Amino acid sequence: REIREGGYAAPEQAAPEWTRRIQLYGDVRLRSQSELYSSTNAANIIDLATINEIAPYEFDNPFLDVPFLNTTQDRWNRARVRARLGVKADITKGVQANIRIATGNDSGPISTNQLLGGGFGKRDIWLDQAVITLSPFDGVEAQLGRFDNPFGAPQMLFDDDLNFDGVSAAVNVGKLLDGDFDFTLRGGAFPLDFGSADFPVLNPTKRSSVDKYLFAGEISGGIEVTNGIKVSAGVGYYSFDNLQGQLSTPCDLINSSECSTDQFQPFFLTKGNTLSPLRNIIDDPRLGIGDRRQIPGLTFDYDILNVFGSVYVPVQDDIGVMVSGSYIKNLGFKSADICRNGQAGQPINNGAVVGTGDNVNFCGVTNPLRFIGGDTGYSVIAKLGHDRVAKRGDWMFSAEYRYLQSDAALDAFSDSDFHLGGTNSKGYILSARYGIADGLFTQMRWLSANEIDGDPLAIDVLQFDIGVEF
């Protein structure tokens, strides 16, 4: 119809058949973001994410500069843009394809924001989604490729911009039975890293690759109780395979450039998770010295249980109140893992001194470090207004409280805005969104977060957005 009305096809002629099967969609958002730091923040918090990017790195070299996080200097009104453009195509009955491209500062998994400035340099465009969706029956769906998060997990576990690679499937029993209720089973397998096919590179004897996966399943349901009041709840389990770091066999880096467990290096980090050395480095027996370059790895396993629920109460027309909550717990967390590899593999962060003296460490006998961290997180959200701000005059207010311990979730995938990413954070989020015109909206958010344990690190984030959707 749009092609005929636009004059691309004569009125008396039918538009080409393919035009009725393709849909363009997208959005553009301009954001002013201010990042505000407390004057009492610690000034010497090591940037472990950057160390992971440049590793191998000599942690204990006193002559080597260490990267530190900015924790004291406010950053006002930094302009960011996000642009996404997608194409959906109905291939045949029950088969759909979707491709979407998006902006982004880098290939990281949790943000499609692009920082403006930089001398008007051109911006990168990334493949954001590429998925084939199969729907053989109403209520049955499978996705293959790269697609939106298919689960009901909260942002403290999976950032809104995070897309999943792999295969997922969902069966809505309520739809299959033509019932007035929702009962859905979801599951999937998602490769995170297939490892190196040529490891060690400089050794003719190769090792098997370390394939890293996320296996996930979820059960959720919902029903309208009475007079538009809706109740929903669910439980999910997300098991990350082969992410926990392993200490290498004794490794002499004078005569070798790699150690046996280097493939357990995290693919991406922000901040918060507990890290331990992967390399069991020994000195060259002939020279009495050695290369001390180290690689960090995740100390704990991550098998995360998520329990969630919500209640929606209509107020008038399409305006309502929703209260929702989520509770997550990392069932893979075991405090004994801190010292499972002895002092050579003890954590390098998330520790506090118990006694006094030199050479304190987690696995010492006389003067150990106390572990400061945990495996639990929760959030509570209240919303008032329209469910979706899409038209002129639509509005929505929301408030959230969030608490996320160091190893309750992977900091690589957690919300990139709250506490500027990562775990070991607590605080609140206030948000207001308003529809200026159909498809045009404005939004303001205030995110105030503090550390739960460890060095003081309070970060407030103020965001002003204006955007369009089509």
Side-chain angles (χ1 to χ4, degrees), residues 46-60 66-67 108-109 190-196 199-201 207-215 238-253 256-282 291-304 330-351 361-363 369 371-375 405-414 422-424 454:
I46 296 176
D47 185 354
L48 292 171
T50 296
I51 286 179
N52 182 61
E53 290 178 6
I54 62 179
Y57 183 87
E58 280 192 87
F59 290 99
D60 55 359
V66 177
F190 311 98
L192 300 170
D193 187 1
F194 288 116
S196 173
F199 178 81
V201 175
R207 293 181 179 270
S208 298
S209 64
V210 176
D211 297 339
K212 303 174 183 178
Y213 270 85
L214 165 62
F215 299 102
Y238 320 99
S239 179
F240 293 90
D241 189 47
N242 279 336
L243 264 63
Q244 185 178 28
Q246 306 295 328
L247 189 67
S248 73
T249 56
C251 184
D252 169 17
L253 288 172
S256 175
S257 63
E258 296 153 315
C259 297
S260 62
T261 59
D262 284 0
Q263 293 187 86
F264 285 92
Q265 179 178 355
F267 44 83
F268 185 75
L269 290 175
T270 53
K271 61 180 183 293
N273 287 166
T274 307
L275 303 176
S276 298
L278 293 179
R279 291 176 162 183
N280 182 13
I281 299 173
I282 60 174
D291 185 336
R292 311 302 298 177
R293 290 177 300 160
Q294 187 58 259
I295 293 177
L298 294 168
T299 302
F300 301 109
D301 200 2
Y302 291 83
D303 297 313
I304 300 169
N330 179 13
L331 302 181
F333 177 94
K334 298 177 182 178
S335 58
D337 284 347
I338 293 173
C339 294
R340 76 185 194 280
N341 292 317
Q343 295 197 25
Q346 64 178 319
I348 59 178
N349 64 332
N350 291 338
N361 56 65
F362 281 97
C363 305
L369 287 176
F371 174 70
I372 50 173
D375 60 357
Q405 291 184 312
S406 63
D407 295 285
L410 277 177
D411 67 32
F413 294 150
S414 188
T423 59
N424 189 29

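All figures in this text were calculated on a predicted structure; none of them were measured in a lab.
- Looking at heavy atoms from C-beta onward, Leu298 lies out of side-chain contact with Phe264 at the 4.5 angstrom threshold.
- No donor-acceptor distance shorter than 3.5 angstrom exists from the side chain of Gln263 to the backbone of Ser209, with no hydrogens or angles considered.
- At a threshold of 4.5 Å between non-hydrogen side-chain atoms, the residues Val210 and Gln246 do not count as touching.
- At a cut-off of 3.5 Å, with distance as the only test, a side-chain donor of Asp303 or Ser239 sits close to an acceptor on the other residue.
- For the pairing with Arg279, the side chain to side chain contact (heavy atoms under 4.5 Å, CB included) check across Leu247, Thr261, Ile295 returns one residue only, Ile295.
- Minimum interatomic distance between Asn242 and Lys212 (heavy atoms only, all atoms of both residues): O-CG, 3.4 Å.
- Looking only at side-chain heavy atoms (C-beta outward), Tyr57 and Pro67 come within less than 4.5 Å of each other.
- Using modelled atom types, one side-chain atom of Arg340 and one backbone atom of Thr299 make a donor-acceptor pair closer than 3.5 Å.
- For the pair Gln405 (side chain) and Asp375 (backbone), a donor-acceptor distance under 3.5 Å is present.
- Inter-residue side-chain proximity for Phe300 and Ile338 is flagged as met; some heavy-atom pair is nearer than 4.5 Å.
- Using a 4.5 Å cut-off on side-chain heavy atoms (C-beta onward), Phe371 and Asp407 make contact.
- Counting heavy atoms from C-beta on, the side chains of Leu214 and Tyr238 come closer than 4.5 Å.
- Lys271 has its side chain out of reach of Leu48: every pair of non-hydrogen atoms, C-beta onward, lies at least 4.5 Å apart.
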inquiry  = Is there a side chain to side chain contact (heavy atoms under 4.5 Å, CB included) between Phe413 and Tyr302? Walk through the geometry before answering.
reply    = CA-CA 12 Å; Phe413 294 150; Tyr302 291 83; over 6 Å; no
